[in-house]
Asker: 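This is the structure I have questions about; it appears just below.
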Amino acid sequence: MDDIRVKICGLTRPEDMDAVARAGARYAGLVFFARSPRCVSVAEARALALAAPVGLAKVGLVVDPEDALLDEILEAVPLDMVQLHGRESVARVAEIRARYGLPVMKAVGVASEADLPALLEYGRVADQLLVDAKAPKGAALPGGNGLAFDWRLIAGRRWPCPWMLAGGLTPETVGRAVAMTGARQVDVSSGVESAPGVKDPERIAAFVKAALAAGAKARCRASRQGARRGCAGRGFGWRCDGLRCFTAGDAGRQRCGFRSVMRQSTATRRRSRWRRTGCG
Ligand SMILES: O=C(O)c1ccccc1N[C@@H]1O[C@H](COP(=O)(O)O)[C@@H](O)[C@H]1O
């Protein structure tokens, strides 16, 4: 199981990119949506993307984009992923993915059980899902509203592709959100700002630190469960070879197979190793 991956969305200034890289986030989001206080022009986005260090994936957030807008953005800005945050249909998601050859993350708003089937449908065509709070009726923005949803709705659920948890996360709440949902990736925008559209480097650092700590705790808990079983194990959405744990979404679309069952003596040795590391 890898470290938890953090996406900080809505960067507007070069110092934001520095703060995100310094904190150890894995994704930096650039918003191309005129109504957003975090909107950047194509030229600004290009400068920001070129300043990103290797290993920090640049994600372009668009809302119901026409091809012309995507053409303009992708010709100028070296993005690693496109985030679709509007009402794009399943077919449109597949079309954009095929046309541009970039990984596509589809945001799906969740407010109740009724919203969950869409995650399965989009999960069959997208490279990643962004499980976000559904924007209230009449909201100016389809996301980035600082609103959380009831995390119990998705506790223990898994979809056909890797996914990211979003919606109203903050440095103070991300640990609980990870523990409750089992998310291995988290995304935040307004929760790390000092004012709408103004990122706060200290909150960014605090958010990444809290997310990584929660991820490490979850990893230890899962590994201990596997070791306690005395053999390699597998549950809904996870498997453990007694040493490391994997969720179904890890390593891109790779599906983890069930490894051979360990002999009891090996399991016992590994159990004591977990105790020695004192994790959890
Ligand atoms: O951030 C925005 O301005 C935005 C605009 C339009 C669509 C989505 C937007 N943001 C995305 O929403 C999630 C959740 O935001 P928040 O943490 O609740 O403020 C954010 O991570 C962005 O991916």
Side-chain angles (χ1 to χ4, degrees), residues 4-13 16 19-20 23 25-41 44-45 48 56-65 69-70 73 79-88 93 103-111 115 119 122 126-151 154 162-178 181 183-200 203-204 206-208 210-211:
I4 209 155
R5 294 178 184 197
V6 177
K7 171 169 170 273
I8 307 288
C9 198
L11 314 192
T12 57
R13 307 166 301 179
D16 296 342
V20 166
R26 302 288 286 274
Y27 304 89
L30 302 169
V31 176
F32 300 91
F33 185 58
R35 286 207 295 270
S36 169
R38 303 149 192 124
C39 185
V40 284
S41 67
E44 287 165 340
L48 285 167
L56 180 58
K58 289 92 59 191
V59 181
L61 187 162
V62 282
V63 178
D64 299 317
L69 175 64
L70 288 170
I73 294 170
L79 293 177
D80 301 295
M81 189 183 289
V82 173
Q83 176 176 335
L84 298 174
H85 217 110
R87 294 169 175 266
E88 302 84 7
V93 172
V104 167
M105 175 157 67
K106 174 67 185 123
V108 177
V110 173
D115 299 311
L119 286 159
Y122 284 111
D127 297 276
Q128 298 230 22
L129 289 167
L130 185 74
V131 187
D132 194 3
K134 195 178 224 171
K137 272 205 172 76
L141 300 177
N145 295 306
L147 289 177
F149 64 96
D150 183 350
W151 300 320
I154 61 161
W163 62 283
M164 222 178 256
L165 179 68
L169 297 175
T170 67
E172 294 76 28
T173 62
V174 66
R176 201 153 22 94
V178 166
T181 62
R184 302 299 307 162
Q185 305 193 102
V186 288
D187 182 18
V188 61
S189 189
S190 47
V192 292
E193 291 179 342
S194 54
V198 185
K199 289 287 179 282
D200 176 336
R203 286 190 70 73
I204 290 174
F207 185 90
V208 176

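Not measured: the values here are computed from a predicted model. Values below: all heavy atoms of this structure, side chains included; hydrogens, waters and symmetry mates excluded. Read the numbers this way: they start at 1 and go in the same order the structure lists the ligands and their atoms.
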Asker: List the atom pairs, donor and acceptor, that lie under 3.5 Å between side-chain atoms in residues 164-175 and the rest of the protein, sequence neighbours left out.
Answerer:
from: T170; atom 1: OG1; to: E172; atom 2: N; distance (Å): 3.1
from: T170; atom 1: OG1; to: E172; atom 2: OE1; distance (Å): 3.2
from: T170; atom 1: OG1; to: T173; atom 2: N; distance (Å): 3.1
from: T170; atom 1: OG1; to: T173; atom 2: OG1; distance (Å): 3.1
from: E172; atom 1: OE1; to: R203; atom 2: NH2; distance (Å): 3.0
from: E172; atom 1: OE2; to: R203; atom 2: NH1; distance (Å): 3.3
from: T173; atom 1: OG1; to: T170; atom 2: N; distance (Å): 3.0

Asker: Which residue is it: R26, Q128, K7, R5? I am looking for the one with a side-chain hydrogen bond (donor to acceptor under 3.5 Å, both in side chains) to Q185.
Answerer: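 Output: one option passes, namely Q128.
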
Asker: Can you check side chain to side chain contact (heavy atoms under 4.5 Å, CB included) on H85 and D132, steps first, answer last?
Answerer: CA-CA 10 Å; H85 217 110; D132 194 3; 3.1 Å; yes

Asker: Anything with a heavy atom under 4.0 Å from ligand 1 counts, so go ahead and list those protein residues by chain and number.
Answerer: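 Shell around ligand 1 (4.0 Å, heavy atoms): K7, C9, F33, S36, R38, L61, Q83, H85, L130, D132, P142, G143, G144, N145, G146, L147, G167, G168, D187, V188, S189, S190.
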
Asker: Quick one: list whatever passes salt bridge (Lys or Arg N to Asp or Glu O under 4.0 Å) with R13, sequence neighbours left out.
Answerer: E15, D16

Asker: Would you say the side chain of C9 lies within less than 4.5 Å of the side chain of L61, judging by non-hydrogen atoms?
Answerer: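 Touching, per the 4.5 Å side-chain cut-off.
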
Asker: Tabulate below the donor-acceptor pairs under 3.5 Å that side-chain atoms of residues 133-146 make, not counting sequence neighbours, or state none.
Answerer:
from: K134; atom 1: NZ; to: D115; atom 2: OD1; distance (Å): 2.7
from: N145; atom 1: ND2; to: L141; atom 2: O; distance (Å): 3.0

